[in-house]
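Inspection log for the structure reproduced underneath, given as structure tokens.
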Amino acid sequence: MNIFLISEYVKRLTKDDINDFALKQGVSLTEEELDIIYNYVKKDYKTVIYGNPRVILDELKTKVKPFTYSKIENLYQQFKGYLN
């Protein structure tokens, strides 16, 4: 993956983009969840793509609703499959 393109995309990413994606996945985020996920995406996207995101996922598990976390975990597993 081209890190430059990903970095530029993440720079332009808005909370509305995240909320729209969540809704398309069948997840209705609270404002607090939206803020949490937005901040993690902006700050930790490189770790999710290139590193071990287990610590990030474990933190998210304690900060969002169980259904929201389950969707995040499933989407990550799908994403990880595209990388391999």
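- Within the 4.5 Å cutoff, the side chain of N2 has no heavy atoms near those of the I6 side chain.
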side-chain contact (heavy atoms from CB on, under 4.5 Å) between T47 and I56, intermediate numbers included: CA-CA 9 Å; T47 301; I56 295 164; 3.7 Å; yes
side-chain contact (heavy atoms from CB on, under 4.5 Å) between L57 and R54, intermediate numbers included: CA-CA 5 Å; L57 293 171; R54 181 49 41 203; 3.6 Å; yes
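- Heavy atoms only, all atoms of each residue included: F67 and G26 are closest at CE2-O, 3.5 Å.
- For the residue pair Y38 and T14, no side-chain donor N or O sits within less than 3.5 Å of a side-chain acceptor on the partner.
- Atom NZ of K42 and atom NZ of K11 lie 9.5 Å apart (nearest 0.5 Å).
- From L34, atom CG reaches atom OG of S28 across 10.0 Å, with rounding to the nearest 0.5 Å.
- Two different hydrophobic clusters hold L60 and V55 under the rule that ILVMFWY side chains link at heavy-atom gaps under 4.5 Å.
- Residues K61 and P66 form no side-chain contact, since every pair of their non-hydrogen atoms from C-beta on lies 4.5 Å or further apart.
- In the hydrophobic cluster analysis, where Ile, Leu, Val, Met, Phe, Trp and Tyr join through side-chain heavy atoms closer than 4.5 angstrom, I18 is grouped together with V10.
- Heavy atoms only, all atoms of each residue included: Y76 and V48 are closest at CE1-O, 3.8 Å.
- Panel note: side chain E33, backbone T30; a donor-acceptor pair is recorded below 3.5 Å.
- Taken to the nearest 0.5 Å, the OH atom of Y50 stands 8.5 Å off from the OH atom of Y45.
- Cluster annotation: V41 is connected to I3 through the hydrophobic network of ILVMFWY side chains, with a link wherever side-chain heavy atoms come within less than 4.5 Å.
- With hydrogens and angles ignored, the 3.5 Å screen pairs no side-chain donor or acceptor of N19 with any backbone N or O of K15.
- D20 has no carboxylate O lying under 4.0 Å from a charged side-chain N of K24, or vice versa, which leaves the two without a salt bridge.
- Here the CD-CD1 distance, from E59 to I36, works out to 11.0 Å after rounding to the nearest 0.5 Å.
- Here the CD1-CD1 distance, from I37 to I72, works out to 4.0 Å after rounding to the nearest 0.5 Å.
- Taking CD of E32 as the start and CG of D35 as the end, the distance is 8.0 Å to the nearest 0.5 Å.
- A chain of hydrophobic side-chain contacts below 4.5 Å, direct or via other Ile, Leu, Val, Met, Phe, Trp or Tyr residues, connects Y40 to I49.
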Derivation of the side-chain contact (heavy atoms from CB on, under 4.5 Å) call for N74 and F79: CA-CA 9 Å; N74 289 337; F79 169 75; over 6 Å; no
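- Judged by a 6.0 Å distance limit and a 45° cone about the ring axis, K65 is not positioned over the six-membered ring of Y69.
- Environment of CD in E31: sparse, with no more than 12 heavy atoms of neighbouring residues, nucleotides or ligands closer than 6.0 Å.
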